[in-house]
Amino acid sequence: MIDVKLKDGSSLQVEQGSTVAEVAKQISMGLYRNAVGGLVDGEVADLRQPLERDCSLEILTFEDAAGKRVFWHTASHVLAQAVQHLFPGVKFAIGPAIDGGFYYDFDVEKPFTTEDLEKIEAEMKKIAKEALPLERFELDPAEAKELMADQPYKLELIEEHAGKGEKISFFKQGDFTDLCAGPHLLDTSKVKAVKLTSATGAYWRGDSDKAMLCRVYGTAFPKASLLEEHLALLEEAKKRDHRKLGKELELFTLLDEGPGFPFFLPKGMVLKNTLIDYWREIHHKAGYQEISTPIILSRTLWERSGHWGHYKDNMYTTVIDEQDFAIKPMNCPGGMLVYKTQPHSYRDLPMRVGELGLVHRHELSGALHGLMRVRCFTQDDAHIFMTSEQIKDEIKGVIRLIDEVYSLFGFPYKIELSTMPEDHMGSDEDWERATNGLKEAMEELGREYTINEGDGAFYGPKLDFHLVDAIGRTWQCGTIQLDMQMPERFELEYTGEDGQKHRPVMIHRVVFGSIERFIGILIEHFAGAFPTWLAPVQVKIVPISEKFHDYAQQLQQQLDSQGIRVEGDYRAEKMGYKIREAQLQKIPYMLVVGEKEQSEGNVSVRSRSEGDLGAMSVEAFTDMVRAKIATKERD
Ligand SMILES: [Zn+2]
Ligand SMILES: [Zn+2]
């Protein structure tokens with residue numbers, strides 16, 4: 001018998017070799033029916049996995065993020081099997097679970113049409129009804145290659161695994177076998193509420209020099225009602241897509257000349273600068289200093305920081321005067337050099353040093369996505385140098401700052417604490433002290449958090465902040481990362497009260513994460529209808545006819561001089577058209593001016609959120625808008 005420690009802290013004695021599924025059954029039939037996998041000693045495991053020794057076990061259901069991945073990954077196999085039935089001869093590439101569903105890449109002669117997707121979906125439902133059991137088996141590389149002889153992409157993958165001396169594992173369901181490490185559901189019956197959402201082109205391995213494949217996206221749920229809910233959310237997300245709105249609102253663009261390098265248009269730049277002004281304002285208030293370090297720095301620096309050894313594939317490099325240089329993927333090493341330009345005393349600490357640094361990181365072209373996944377972005381970085389006694393207070397300060405920012409935009413958020421990974425630098429005592437500092441800070445602030453056991457960086461534990469947007473999607477933005485390694489590598493010092501040299505402790509932290517990505521999130525969160533303080537154009541003046549252009553222009557100047565971002569629409573278009581366009585631009589206020597307004601010297605105000613506000617004196621309107629801007633009120 002072995003001892004299995006369950007999630008609720010209790011223990012269960014089971015026969016050695018019992019599978020995860022069998023233990024789930026022993027706990028309760030209800031749990032067994034919902035089980036999609038397990039977490040054995042923190043590792044995701046297949047339901048078929050036998051438990052050979054004492055361990056901890058958590059049964060995963062679709063409710064768990066890891067459980068969803070097992071479910072969706074199984075759905076991708078069902079998709080591939082359906083394609084095999086309907087389109088014999090198709091070559092199979094890969095089919096992972098992703099956020100919100102799954103995809104599978106196929107090498108097909110002509111891309112799948114909408115009608116094809118409907119047929120495939122119907123076939124998937126048939127396969128689900130058949131409740132085909134999934135069976136796992138392993139082969140030697142040579143046998144594996146024989147089995148996949150007519151599947152060139154699988155052969156390439158087998159070759160790679162074989163190179164690592166691994167056995168090759170497969171999953172088989174009915175007449176379909178796929179190269180796969182799992183884990184998977186026990187059979188196909190659960191994957192019945194399924195929807196194929198789209199098909200697009202995708203390069204094999206995201207590499208534009210390789211074959212163009214047809215990627216079919218889909219999602220699946222254990223219940224039809226959950227699928228419906230999800231599809232409604234997708235529909236809403238489509239309307240809010242920042243790439244679509246970014247174009248309509250003339251905020252930014254992406255051009256072939258700069259793949260993954262966004263261009264900001266004048267209105268987008270107003271948005272970006274307004275956010276940056278706000279960032280500076282709150283950081284100044286919180287006692288931060290600001291620096292700016294170079295974008296290109298020498299190879300020796302990146303070797304010292306460890307990036308050249310561990311991160312080089314993601315870095316762009318160049319040669320200057322026959323020496324290697326790299327374009328910074330992170331601001332930290334530059335920040336370390338700035339710290340070292342002067343000697344420091346304990347009286348200087350904590351030092352909070354911020355940098356809005358433009359960083360470049362190589363992403364595969366297939367992974368790029370609007371502003372959300374780019375190759376260059378502005379990180380709202382800061383490094384805090386402190387004594388270990390200051391950890392807790394500094395963490396509290398950063399949490400408060402992050403809270404202030406997310407609350408302003410109306411984002412609820414969740415905090416995750418990632419603890420010491422197996423492969424780590426520094427002593428267990430250092431880790432414990434740092435981790436406790438994080439925990440105590442959150443407890444003293446009364447914040448709830450979940451723990452990601454063993455998921456910290458190798459140089460220290462971290463807190464991740466996942467914000468929830470207006471339609472319930474979560475985005476990881478803020479992080480607070482304790483670093484016990486970088487100060488060591490760069491031999492950072494301060495003179496203590498005892499007159500001796502000491503190593504400071506360091507935090508890396510971001511609030512927005514990437515300014516550009518945060519803008520993408522804001523566009524989708526507000527569906528382009530930004531709060532007045534953030535709106536690129538705050539007021540649109542629409543004169544009824546040319547007769548009132550002078551009055552409109554005079555108003556425009558007046559508002560402009562009051563610091564309000566205002567535009568006039570002086571085109572010879574119909575009124576209805578101009579009003580509709582201002583509405584589509586989601587401008588917070590529209591002033592319609594004609595005979596009455598001109599003779600009375602006032603304005604007729606239409607508010608985006610409150611509708612017609614009627615006539616108002618220019619002064620009253622200006623005061624109202626200025627107050628909205630000053631308080632950063634959301635409407
Ligand atoms: Zn698989
Ligand atoms: Zn850093």
Side-chain angles (χ1 to χ4, degrees), residues 36-37 44-48 69-81 84 92-98 102-105 132 134-138 148 151 153-154 157-158 161 168-173 176-188 191 218 220 288 291 293 297 301-302 304-307 311 328-339 351-359 361 377-386 394 398 457-460 462 478-487 489-490 492 504-511 513-514:
V36 298
V44 180
D46 195 280
L47 286 168
R48 299 159 198 77
R69 300 192 84 81
V70 175
F71 194 94
W72 286 331
H73 184 67
T74 305
S76 91
H77 279 226
V78 175
L79 163 60
Q81 185 174 21
Q84 179 179 277
F92 300 94
I94 53 163
I98 53 172
F102 59 91
Y103 70 75
Y104 209 109
D105 285 347
L132 301 172
L134 280 94
E135 298 158 43
R136 183 178 185 278
F137 64 94
E138 282 185 348
M148 289 286 145
Q151 293 292 339
Y153 302 100
K154 301 294 178 190
L157 295 171
I158 294 170
H161 290 293
I168 312 298
S169 87
F170 291 89
F171 273 85
K172 179 178 187 305
Q173 63 203 56
F176 177 75
T177 302
D178 205 350
L179 174 71
C180 178
H184 278 294
L185 300 177
L186 292 176
D187 64 52
T188 58
V191 190
Y288 284 76
I291 58 168
T293 66
L297 290 161
L301 176 71
W302 300 110
R304 183 168 194 182
S305 69
H307 289 91
Y311 201 68
K328 67 177 175 186
M330 288 171 203
N331 302 301
C332 325
M336 302 305 109
L337 294 185
V338 171
Y339 180 90
M351 272 176 67
R352 307 182 189 108
V353 188
E355 172 167 21
L356 290 162
L358 185 66
V359 298
R361 294 178 188 174
F377 59 93
T378 312
Q379 212 177 28
D380 69 312
D381 226 337
H383 296 113
I384 302 177
F385 305 94
M386 61 197 165
E394 285 308 303
V398 181
F458 69 92
Y459 50 80
K462 62 173 181 164
T479 58
I480 308 176
Q481 211 151 9
L482 264 163
D483 191 339
M484 303 178 291
Q485 214 239 334
M486 197 73 95
R489 281 192 179 233
F490 282 86
L492 305 188
V505 182
M506 200 185 92
I507 295 175
H508 312 256
R509 44 110 287 179
V510 291
V511 180
S514 144

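One-based numbering, in listed order, for ligands and for the atoms of each. Model, not experiment: these values are computed from the prediction.
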For the metal site, I want the angle between atom SG of Cys180 and atom NE2 of His184 with the Zn ion (ligand 1) at the apex, to 10°.
90°
Treating Ser514 as the side-chain partner and Phe377 as the backbone partner, does any N or O pair qualify as donor plus acceptor under 3.5 Å?
no
His77 atom NE2 and His73 atom NE2 as seen from the Zn ion (ligand 1), angle to 10 degrees
130°
Cut-off 3.5 Å, no hydrogens considered: what does the side-chain donor-acceptor table look like for residues 328-337, sequence neighbours left out?
from	atom 1	to	atom 2	distance (Å)
Lys328	NZ	Thr293	O	3.1
Lys328	NZ	Thr293	OG1	3.1
Lys328	NZ	Asn331	OD1	3.0
Lys328	NZ	Glu355	OE2	3.1
Asn331	ND2	Gln379	OE1	3.4
Asn331	ND2	Asp381	OD2	2.9

So, the side chain of Trp72 versus the backbone of Ile98: is there a donor-acceptor pair under 3.5 Å, distance only?
no
Lys172 side chain vs Arg136 backbone, donor-acceptor pair below 3.5 Å:
no
Polar protein atoms (N, O or S) that approach the Zn ion (ligand 2) to under 2.8 Å:
Cys332 SG, His383 NE2, His508 ND1
Check for a donor-acceptor pair, side chain of Asp380 on one end and backbone N or O of Gly513 on the other, with a separation under 3.5 Å.
yes
Look only at the side chain of Asp46 and the backbone of His184, and say whether a donor-acceptor pair between them is shorter than 3.5 Å.
yes
Quick one: does any side-chain atom of Arg48 pair with a main-chain N or O of Glu135 as donor and acceptor, under 3.5 Å?
no
